[in-house]
Amino acid sequence: MIDRAHLSSLLERERKTFVERNPRSRKLYERSRRSLVGGVPMNWMTKWAGPFPVFAERAEGARVHDVDGHEYIDFCLGDSGAMTGHAPPGAVDAIVDQLRRGTTMMLPTDRAPRVGEELARRFGLPYWQFTLTATDANRFALRLARAITGKPKILVFNWCYHGSVDEALIRLSENGTTPARGNVGPPVDPALTTRIVEFNDLDALERELAFEDVACVLAEPALTNIGIVHPQPGFHAALRELTTRHGALLILDETHTLCAGPGGCTGADGLEPDLVTMGKPIGSGVPSGAYGIRAEHAERAFGAGAGVDSDWSGVGGTLAANALSMAAMAATLENVLTPAAYEGMIARAERFETAAAEIIARHGLPWHMSRLGCRVEYRYAPTPPVNGSEAVASTDCELDDFTHLYALNRGVLMTPFHNMALMSPATTDADVDRCAEVFEASVQELTAS
Ligand code: PMP
């Protein structure tokens, strides 16, 4: 369908344009190469399309400005860390106020119960603890699940991503399992800690749980990190029933699926996990994470005597639940990621979904659109995948590079890891229409050979 030679020459042209448009970013990158590994402060920043990343100058609402004076409509939104919009007014005042009144005192503030109560209301779990990242929320939830059940292993779905959690960096392979490609220095072979099955494969799930050594299933309600893979009808009911039957806890990682609504998929679909984990947008970009837990599990995990040795528990962090991140979470939940804001965000996502689907159809491409709440993606396959392996089979890095770089050169920022357009409360219909216009132009050039 796609003429690869034509695609390569278009990509080359866009790379040249990018270099010409961004002399200041290029200079900063060359300087950074002398002190930063790979010329970037975080290794995955090399994944941006283009020979170097643009260096940001500031960001506000749905806009990012770079050091070369370009303005971008941001649909990446920090890979959801800024799903609130950048520097949202409803949170910034509270964050700045807290900065002036102290960041970390090893003491709770009045925001702590406010956040706990609001999360309990949204996710239906009564007790909460806080972290600085979603990764830590997951790591701690896994420890608690092992402590509560006395079982050693965890189970995840193929092509999941739950942060830099050792147990979850595993893939199915032809001969069984293998550490995920790119997994640097695993402490042990993840096959020793983890069972893994395809998403939506209930037979495999039942088979693996029947070993009765699984403390918990750690799952996103829908896979998002290999593009969106929706659960099939009945999947969640069966997942809940099988985990209960085999004495495994169900941990739902809602970090990305917070896009589905104020209570993530748990709230939107009435799911009943034992624990919920999250991070990224809940602090409007201030490092924040959380996990919620059922009363009986909290009692078991943190019950009598836990206070004495709680600083040796492997669950914690000196800066976790600091006053600044608690203030950021309170303001985000109360003023920014409100039910009313979600209505607008989801409406914008539907607008892009409809527009892009029309563009795909008009140009006769065997692609489709996929959406979960305010997160919407184009995918290079005619039908939605049912599991991670199917999803990965339709990825195309060169095509991603071209569509992303084409957009970047025309003032639209897409996520480096996904073909995702994420909507914030600040994203407008006009922003969405511009994104669709640029998408259509790229598709037009691509199919014009
Ligand atoms: N859970 C999910 C579902 C994620 O997608 C990610 C990161 N993309 C994480 C957890 C980890 O988040 P962080 O890197 O902020 O710890």
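Atoms within each ligand, like the ligands themselves, are counted from 1 in listed order.
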So which protein residues pack against ligand 1 under 4.0 Å, heavy atoms counted?
Asp79, Thr133, Ala134, Thr135, Asn138, Tyr161, His162, Gly163, Glu220, Asn225, Asp253, Thr255, His256, Lys280
For residues Met369 and Val376, report the shortest heavy-atom separation together with the two atoms involved.
CE-CG2, 3.8 Å
Is the shortest heavy-atom distance from the side chain of Asp93 to the side chain of Asp97 under 4.5 Å?
no
Asp66 and Ser25 side chains, donor-acceptor separation under 3.5 Å:
no
Where at least one partner belongs to residues 213-227, residue pairs that pass salt bridge (charged side-chain N to carboxylate O under 4.0 Å, His left out), sequence neighbours excluded:
Arg195-Asp213
Within the structure provided, determine whether Cys216 and Asp274 are in side-chain contact (heavy-atom separation under 4.5 Å).
no
Would you call the rings of Phe235 and Phe199 parallel, tilted or perpendicular, taking 30° and 60° as the class edges?
tilted
